Every structure is written in structure tokens, then in C-alpha cells.
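Let me begin by presenting the structure, written as C-alpha cells, before commenting on it.
The model shown is predicted, which means the values in this text are computed figures rather than measured ones. All heavy atoms count here, side chains included; hydrogens, waters and symmetry mates do not.
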Amino acid sequence: MRLDEFTGVNAGYVLELYERYRRNPDSVDSETRKAFESWTPPAEGAGAPAQAAPGIDIQKIVGAANLAECIRRYGHLAARLDPLGSPPIGDPSLSPAAHGLSDDELRRLPASLVDGPVAETAATAFEAIEKLRRIYCSTTGFDYAHVFVPEERDWLRHAAESGRFLPPMDSDSVEAVLDRITQVEVFERFLQRTFPGKTRFSLEGLDMLVPILDEIICGAANHGARHAVLAMAHRGRLNVLAHVLDKPYAEILAEFKDPVAARSFRTDLGWMGDVKYHAGARTAGPRGQMYVTMPPNPSHLEAVDPVAVGMARAAGTYAGERGAAQFDGAITVPILIHGDAAFPGQGIVAETLNLSRLPGYSTGGTIHIIANNQLGFTATPEDSYSTSYASGLARGFKIPIVHVNADDPVACLEAARLAWEYRARFGLDFLIDLVGYRRHGHNEGDEPSFTQPVMYKKIASHPTVRESWSRTLAEKATIPADLPEALVRKYFAELEATSASLKPEQEYVPPMPAKPPAGTAAHVATGVPLDRLREINEALLARPQGFTFNRKLERGLERRRAAFANPDERSIDWATAEELALATILADGIAIRMTGEDVERGTFSHRHAVFHDANTGKQLVMLQEFPQARAAFEIHNSPLSENAVVGFEFGYNVQEPGRLVIWEAQYGDFINGAQVMLDQFVTSGRAKWGLTPSLVLLLPHGYEGQGPEHSSARPERFLEAAADINLRLVNCTTAAQYFHVLRRQAALLERDPLPLIVLTPKSLLRHPMVASTPLDLERGRFLPVLDDQDARGGGENIERVVLCSGKVYVDLITSDRRGTATNVAVCRVEQLYPVPRIALNELLGRYPSVRDVVWLQEEPENMGAWQFIRPHLEELIADRCPLRYIGRARASSPSEGSAAWHHLNQKMLVQQAFDLGSPAPEPSMVLSKEV
Ligand SMILES: Cc1ncc(C[n+]2csc(CCOP(=O)(O)OP(=O)(O)O)c2C)c(N)n1
């Protein structure tokens with residue numbers, strides 16, 4: 001680099017060195033001395049290098065360069081971001097005095113010290129600094145100093161300072177903005193006038209959100225994107241639905257007139273529906289070149305974020321061929337609109353941001369917009385976040401932030417253009433903090449001046465952005481003076497005409513709820529011919545040239561090779577059944593995505609879906625390699641999150657319902673971290689919004705003395721939500737059952753999609769009782785109820801039928817008591833929901849002499865399946881015999897914390913199962929009672 005090319009602080013440093021050299025050439029190293037021998041430093045003042053600068057003050061030079069740097073870093077603190085005019089907090093480092101400079105001194109320094117595009121057109125450092133101040137301390141606050149990848153930061157700096165993303169200001173463009181914000185404002189005013197006080201969560205005060213979205217969507221389309229997924233909460237949702245998603249005014253107005261009657265308009269809901277500001281939409285055709293989707297949104301703020309991100313990921317992923325799935329972030333763009341209280345407050349936001357750069361989750365850049373109205377419900381920023389800005393959290397994720405005053409359309413559009421250009425250039429997230437206000441209360445029935453009297457006095461006299469933009473344009477004579485009012489009249493007239501056209505007959509068509517068809521599951525053939533299984537098994541065990549397996553795993557692979565030697569032998573363990581199920585599904589042409597914490601190896605070191613070369617660490621995924629596969633397999637260790645990752649997989653699943661999407665919990669109880677996703681999306685999404693998820697959740701479950709935290713996946717949480725055939729919950733006890741239930745799920749993805757929750761084993765993964773034969777995979781299918789394995793069914797001598805589910809079956813069947821208790825049949829309910837009533841009825845019919853039927857479970861009485869299944873059993877048994885409960889007593893914790901106590905209780909469970917009618921001895925907490 002030539003010495004003349006140093007700028008900013010570096011230029012100051014060079015000049016300082018030069019001063020030193022001038023005084024004593026030996027005080028600098030020989031290289032530097034050589035460089036200075038033939039160099040002429042820049043003259044003071046004009047900016048152009050000229051004669052040597054006699055008496056140049058190095059401190060001033062360094063001060064000017066530092067001042068420029070501070071404006072770039074901290075200028076946003078002095079930006080006028082609040083449309084209501086609250087003064088910015090500022091920063092002392094932004095004044096020349098803080099750097100030992102006066103304005104006059106700056107005028108005598110060259111502009112080149114300031115560096116960047118502003119220096120190119122400025123005569124002095126003073127002019128350059130003034131320009132910089134206009135950029136960084138205006139109605140935009142560029143906040144990107146935390147982006148410490150030099151290429152990204154330099155790009156952002158140049159983008160901000162060159163103004164190259166400022167929108168065009170020709171008369172057509174400025175008129176288009178006026179037209180759009182008139183539409184936005186009139187929509188809200190019309191609703192307010194026609195339906196006073198009805199909740200709509202008005203956008204007013206943040207009207208520029210719609211033109212910003214237009215700009216981003218249009219920009220993304222120009223960069224080749226074809227699909228935008230837009231997620232937002234309540235605020236402004238109706239306005240965005242109307243103007244960005246093109247939801248017809250007629251539908252929206254009909255919903256306002258009478259939500260029940262308006263059902264005839266709703267194509268976006270399930271049979272129970274949801275309030276209008278939670279509904280989703282899809283544009284019917286491309287908007288420009290883009291399809292825009294807005295997933296439905298529950299009230300739980302920000303919960304939709306990972307769902308939308310997962311949808312975008314799915315839409316950009318090609319999985320139609322063997323191998324790894326191919327993701328192309330250029331095709332889709334997720335845009336998340338956040339609340340200013342919700343963004344910092346809801347942990348799901350941090351979890352979602354953490355997905356942004358992970359290989360299995362990234363979207364090629366998500367654009368975030370904080371619709372910042374400077375209030376929560378009534379809570380102020382001081383009540384709501386500890387960061388300086390609502391957007392503070394994004395800094396840790398190196399996401400560039402632009403704070404922008406929502407009353408400045410030009411600044412807003414520049415921010416939008418910058419966002420999509422940055423995303424297109426780097427494939428990374430970007431955040432716009434759109435700072436406005438909220439014209440009404442939290443909702444339209446709310447009185448905001450109870451809590452914000454001063455702010456709302458200001459708002460009452462504050463012009464709308466349409467009014468101020470009209471005034472600006474009129475002053476510059478850019479538009480005809482009467483245009484603003486003409487536009488207002490035009491849009492009111494459109495809404496009035498639509499409202500008047502809503503005929504009562506149309507409105508009173510009764511709703512047509514469509515519940516899902518059910519019952520197809522029982523008829524699915526899932527067996528695979530032995531030859532085919534053997535061939536696929538061999539292919540999965542192939543050894544790619546040059547790949548060195550870990551020695552211990554090598555031995556396991558050899559055992560796997562022998563698994564098909566004898567079709568009658570119980571040689572198929574759980575992991576083999578799973579891999580063969582996945583492989584045969586892939587061979588059927590159905591792509592699979594599998595994720596979860598440490599899922600690649602499996603928590604219990606049983607899966608090994610990804611091998612690591614013992615010498616090089618290189619990875620090998622045989623499910624991507626075997627030649628019979630006709631679709632992609634992707635597997636990712638997830639980040640340590642439950643809520644966001646389950647939401648992400650839900651979104652992925654509903655966007656690409658033809659792929660099998662599987663999420664595995666480390667232990668089943670950790671799914672409680674995703675309870676919002678379960679309640680708000682997985683179990684109710686169908687009834688509320690007509691979504692048809694088919695996500696598979698694998699939840700390790702079973703009482704093994706590990707204490708309260710790793711024993712129970714809490715099946716009761718799913719059973720409590722089970723209704724209207726909204727999910728399938730199974731607790732398989734054999735490898736073959738697991739094989740068939742996975743294959744059944746894949747076969748039903750399109751015909752009868754439902755979420756599948758599988759309670760999976762831990763210690764039983766390698767238990768011989770759980771292993772199946774190759775023939776079980778060929779001949780069988782998933783059976784919701786398994787009769788006593790020793791064919792005691794039908795025995796006249798059976799006095800007790802014990803019904804149980806899951807691992808406790810193995811405890812019963814392997815106990816010493818089993819051999820002698822020939823009057824007790826032990827039967828398994830493998831599917832807990834939908835309750836297999838026909839199969840249970842048939843089973844009970846095979847035992848005509850029973851004196852009682854027992855429901856036996858490991859979980860406490862208030863947990864597990866008991867409370868749910870009891871009324872079904874009572875109805876099925878009717879007055880044939882009494883129903884008994886054997887299990888742990890009601891408890892507030894899922895299990896005892898001591899392994900010894902656990903074993904005692906398990907022993908009691910077994911004992912009571914086989915002792916007809918005897919009470920539990922102390923100190924067991926196991927209950928046996930007739931109900
Ligand atoms: C998880 C959750 N907690 C609480 C609420 C209740 N709530 C609804 S809106 C709101 C205020 C949200 O403020 P902000 O994020 O700034 O959005 P705004 O309504 O101001 O647009 C609150 C607390 C909710 N909907 N979801």
C-alpha cells in the first residue's frame with residue numbers, strides 16, 4: 001500500500017510517525033525510513049496532498065479521525081428516531097471538543113482524514129464530518145459496529161455513507177408512497193368509523209411498515225426469490241393481510257360484521273376457527289414474482305418466529321434425490337415482524353436468532369422488523385428491557401441494525417432496500433427497528449391516557465405520516481395540491497362500496513366445519529419383503545473405500561450383517577428397526593428430516609446415523625449413500641433448544657407435508673420446554689386454522705430409577721389435548737412395532753396426516769424382549785393392542801386382564817411371578833390415542849371369565865394414561881366386571897428420587913398385578929384400588 005492511501009486514524013498514525021522521522025530519522029525502523037525518504041505528506045487544509053505541512057498538529061489529525069470513527073459507531077445515539085420528538089440520548093464522543101478540536105481546526109484539516117464516500121466530495125474535514133453527521137445522526141441510526149467481520153462491516157459502512165440505497169425521488173415514486181400510506185391509513189380509519197371500539201390492533205403510527213414490506217418483497221423478487229414467509233403478531237396484522245397478502249376487503253369487513261356469519265368467507269381456518277387477527281393467508285398468485293405466505297399466529301407473542309423460519313427453510317430445500325437435502329437461501333425469504341416489548345422479552349426470539357447461522361437451520365438471511373411503538377401493553381421501555389434499544393439482543397448475533405424514524409418515508413425505504421441488499425450479498429439476518437408510536441390504546445377499546453397521559457396528549461396533535469408526507473410534497477410542489485385528499489376519498493369510497501355490497505344472504509350462510517377423516521391408519525400395509533430388507537440392510541452396511549470405522553462400532557456393524565441370517569430369530573433391535581424403517585421410507589421416495597439434541601449418534605449411543613472416520617473425522621451418512629434411496633435424508637444435531645426447534649420443525653413440516661419430519665427429545669420430559677409449540681400449534685393448529693401437521697416426536701419415556709427428571713415424557717400432556725382425532729400417541733414395546741408405526745406415518749403423510757408422538761425406550765433399546773424377528777418386519781403391521789404373548793387369550797381360566805402400556809410390560813413379563821400366575825393375562829395398549837376401542841373390545845371379549853380388569857401404569861395416578869383412558873375402559877367393560885387401578889399414588893413429582901425406592905415400587909407394581917386383590921404393603925407408594 002502506498003503511504004498516500006492511508007486514511008482516517010491510520011493516516012494520523014502515519015503522519016505521527018513521519019513527524020518522528022523528521023525529528024530523528026533513526027527513531028523509526030529501516031523499512032519506514034526508506035518509505036519516508038521519497039514521500040511528501042499531505043498539506044494542511046485543502047485535502048489534496050501537496051507540500052510538506054510545516055507544524056502539522058498530529059493530535060488534531062488523530063482527533064479528527066477519531067471523531068469520524070465515533071460518529072460511525074455512536075452516531076445512532078444522537079439520531080432523531082422518535083416521531084414524537086423525544087430527544088436522543090446523544091454521546092459526548094460525538095462532539096469535536098471531546099477530541100480536542102474546534103470547528104475552525106476541522107476546517108483546516110483535509111477531508112481525507114474522515115475517509116469514505118463523504119470525504120470524496122468534501123473540501124475539508126469539517127464538511128466531511130458534517131456530512132457524516134447528517135448520515136449517522138439523522139432520522140436513521142445505523143447500528144452495525146458489532147458486526148466484526150471486516151467485509152460485512154465495510155460493506156455496511158459504504159452502503160450507509162454512499163446513500164446508494166436511497167429510494168428514487170421522482171414524482172411517480174413519491175406519489176406511489178403517498179398512495180400506499182393513504183391506503184394504509186384509510187383502512188384503519190374506516191374500520192374505526194364503522195366498527196368503533198372493535199379490536200383490530202391498528203397499525204397507525206407505524207404505517208410505513210407496509211411500504212417497507214413492499215420494498216423488501218419486491219427487492220427480494222428482483223434478486224430471484226420466489227417465496228416470502230411473513231410472520232407477525234397482532235399489531236397491524238389486518239392491514240398487512242389486506243395490503244401485502246391481498247386478503248380481500250370483503251372478507252375482512254365480513255369478519256368485523258359478524259364473525260360467525262362471516263365463516264362463509266373464511267377459507268383460512270379449521271372447523272373451530274380463530275379470531276381475525278390470528279388468521280394466516282397466502283397470496284393466491286405471485287405478487288410481482290413472489291408468493292407471500294403468512295402463517296397463522298397464536299396470541300403467544302413471537303411463538304410464530306421459528307415456525308416461519310422453518311417454513312422458509314423447507315420451501316428453499318430440494319429433497320427429491322438421494323443424498324443430503326440441498327438448501328438454497330436465494331429462493332425464499334422469511335420476514336419476521338416483532339413487537340418492541342416482545343422482542344427482548346420472549347426467550348423464543350433468542351432461540352430463533354440462534355438458529356440463524358446453523359447449517360441445518362439457516363435461511364440464507366431472515367429480515368427482522370421491530371414494529372416499535374415504544375410501548376408494550378401499558379409497559380414502557382424502562383419496564384421492558386435492559387438493553388439500550390428494543391433490538392439489543394440482535395447485536396450478540398452480529399446482525400446489523402438500522403433504527404429508523406417511522407415518520408420519514410425516505411429513511412424507511414432506504415432501510416428496507418439496505419436490508420434486502422445485505423441479505424442478498426451475505427445471506428445473513430438483518431434488523432430494521434422501525435420507531436413509531438401507537439395512535440390508539442393497546443386495542444381499540446383501551447384507554448391509553450390512563451397510563452401514558454403525556455405521550456397521548458402529544459399523539460393527539462401529531463400529524464399522521466400521510467399528512468406530513470403530503471405537506472412535504474406539496475411544499476416542494478412535487479404533487480398536485482389536491483391529490484392527498486383525492487386519494488383519501490378514493491380509498492374511503494372503495495371500502496364503503498365493499499361494505500355496502502356485503503349482502504345479508506351471503507353473510508348468513510352457516511359455517512361448514514370439516515373435521516378430519518379418521519380411521520385410515522388401521523388399513524395401511526407397512527410390511528416389507530424380506531429380500532428387499534436384506535438387500536437394503538446390506539447396502540447400509542457397505543464400507544466406502546478409504547473410510548475407517550471406529551473399532552467398537554465395527555463390531556456392531558458385523559452383528560447387523562448377521563441380523564437376517566435367520567428370519568425367525570429375534571435379531572432386529574430397536575436401532576436396526578429404526579434405520580430399516582427410515583431406509584425403506586427413503587426407498588419409497590419420501591424424504592426425511594430428522595433433528596434433535598445429539599440425534600446423529602443418539603442420546604443412548606444407539607443410532608450412529610453419522611459415522612466419523614476414526615483417522616480424519618470425516619463424516620459418513622449411510623442413509624444418504626445407499627443406492628436404493630430415492631429421496632434425500634437430512635439429519636442434524638440441534639442446538640440446545642426445545643421451543644424454537646420444535647416450532648421450526650412444525651413450520652418445516654406444514655410447508656412440505658410430503659416429507660417425514662422427525663424431532664427427538666434428549667429425554668421425553670424436555671418437551672415441556674416446547675409446551676407453547678405443542679398447545680398453540682401441534683395439537684390445536686388443525687381445529688383453529690385447518691393446518692395438517694404430521695410431525696413425529698420421539699420422546700424417551702420409562703421409569704428406570706433415574707429420578708423425577710428423566711423418567712416421564714408426561715404422556716398426560718398429550719392426552720389432555722387429544723380430541724377430534726388431532727394426533728396419534730403410541731408407546732411401542734417392540735422393534736417391529738416401531739418399524740411399522742414409522743412406515744405407517746410415512747404412508748399417511750398425504751392421506752391422513754396427524755402428528756405422531758412416540759414414547760420411546762431407554763434401557764429397553766437393547767433388551768432382548770424388545771427385539772423382533774425379520775419376519776415381523778415382513779409380515780406384520782402396527783397393532784394398537786397386543787394380546788398376551790403366551791396366547792393366554794381366550795383362556796377360560798384367566799381371572800384378571802392387566803392392561804398396560806410401554807416398558808412396565810417388560811417388568812411384568814420378566815418377573816418371577818409371571819410363570820405361576822397363569823390366571824393373569826398381561827396385554828399391551830400400544831396406541832393410547834386414538835383409543836383403539838374396537839381392538840380393546842375384541843381383546844376383552846376373548847376373556848369371558850375375568851373377575852377384574854386392571855389398568856396398570858408406572859406413573860402416578862394423576863399422570864400417565866390412566867385419567868384419560870379410564871372412562872373409555874369403564875364404557876367398554878360396562879358391567880362385565882370391576883375395573884382396578886394399579887400404579888403409583890397421586891403425586892406432585894413424577895417419580896421418587898431414589899433408585900432403591902424406585903425398585904421397591906416397581907416390585908410392588910408387579911406383585912399387585914399378579915396378586916388378585918391383595919393390598920400394598922408399606923412403605924411402597926403403589927396403589928391398588930377398585931374404581
Ligand atoms: C406470551 C405472551 N405474553 C403476554 C401476552 C399479552 N400481551 C399481548 S400484547 C402485549 C404487549 C406487546 O407489546 P409489544 O411487543 O411492544 O407489541 P405491541 O402490542 O405494542 O405492538 C402483551 C403483554 C401475549 N399475547 N403473549
Side-chain angles (χ1 to χ4, degrees), residues 81-85 139-140 167 173-193 200-218 230 232-247 249 252 277 335 337-340 369-375 402-416 419 432-444 448 455-456 458-473 479 483-485 487-492 494-495:
L81 300 176
D82 180 7
L84 302 177
T139 45
T140 299
S173 307
V174 297
E175 224 176 283
V177 175
L178 177 64
D179 188 86
R180 197 62 162 152
I181 53 184
T182 306
Q183 220 178 7
V184 168
E185 180 185 312
V186 167
F187 176 78
E188 300 288 356
R189 281 169 55 192
F190 179 83
L191 291 176
Q192 176 73 6
R193 201 170 74 184
R200 67 176 195 281
F201 297 113
S202 155
L203 182 61
E204 289 156 281
L206 289 164
D207 310 43
M208 277 305 293
L209 179 66
V210 170
I212 286 176
L213 290 172
D214 291 340
E215 195 68 45
I216 291 172
I217 290 169
C218 183
L230 207 63
M232 69 184 303
H234 52 290
R235 177 79 46 220
R237 189 177 178 100
L238 296 180
N239 213 313
V240 171
L241 280 170
H243 298 127
V244 182
L245 277 292
D246 303 329
K247 179 166 177 167
Y249 283 159
I252 296 174
Y277 39 83
I335 306 167
I337 298 155
H338 310 273
D340 54 305
I369 303 173
I370 299 184
N372 186 346
N373 53 25
Q374 309 187 64
L375 281 175
V402 171
H403 312 279
V404 63
N405 184 320
D407 268 7
D408 183 343
V410 176
C412 289
L413 296 181
E414 185 191 19
I432 298 172
D433 178 20
L434 178 65
V435 185
Y437 59 93
R438 190 182 72 191
R439 185 156 288 277
H440 308 285
H442 170 67
N443 60 55
E444 287 63 32
M455 186 183 202
Y456 273 82
K458 242 188 227 169
I459 290 172
S461 59
H462 188 77
T464 67
V465 65
R466 180 194 64 80
E467 288 166 339
S468 59
W469 184 238
S470 302
R471 199 173 310 136
T472 306
L473 299 182
I479 54 164
L483 181 65
E485 276 316 302
L487 288 174
V488 169
R489 282 195 302 276
K490 176 179 135 187
Y491 287 119
F492 263 115
E494 187 183 335
L495 281 154

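In plain terms, the two heavy atoms of I432 and A419 that are nearest each other are CD1-CB, 4.0 Å. The two atoms that bring L434 and L206 nearest to each other are O-CD2, 3.5 Å, heavy atoms only.
Of the possible donor and acceptor atoms, none in the side chain of N372 sits under 3.5 Å from a partner among the backbone N and O of D340. A donor-acceptor pair under 3.5 Å links the side-chain atoms of Y456 to the main chain of H440, judged by distance alone. Under a 3.5 Å cut-off, the side chain of E467 and the backbone N or O of T464 do form a donor-acceptor pair. Using modelled atom types, one side-chain atom of Q374 and one backbone atom of G436 make a donor-acceptor pair closer than 3.5 Å. E444 contributes a side-chain N or O that, together with a main-chain N or O of S202, makes up a donor-acceptor pair within less than 3.5 Å. A donor-acceptor pair is defined here as one N or O able to donate and one able to accept, closer than 3.5 Å; such a pair exists between the side chain of H243 and the backbone of N239.
Aromatic ring orientation, Y437 versus H462: perpendicular (interplanar angle above 60°, classes split at 30° and 60°).
Here F190 and Y491 keep their ring centres 6.0 angstrom or further from each other.
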For L473 and L483, what are the C-alpha separation, side-chain angles and deciding distance, and is it a side chain to side chain contact (heavy atoms under 4.5 Å, CB included)?
CA-CA 10 Å; L473 299 182; L483 181 65; over 6 Å; no

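Here salt bridge (Lys or Arg N to Asp or Glu O under 4.0 Å) pairs that include residues 232-241, with residues two or more places apart or in two chains, number zero.
For P167, the side-chain contact (heavy atoms from CB on, under 4.5 Å) partners are V410, L413, E414, R417, not counting sequence neighbours.
The CG atom of L84 sits 5.0 Å away from the CD1 atom of I459 when rounded to the nearest 0.5 Å.
In this structure the side chain of V240 reaches within 4.5 angstrom of the side chain of L245, judged on heavy atoms.
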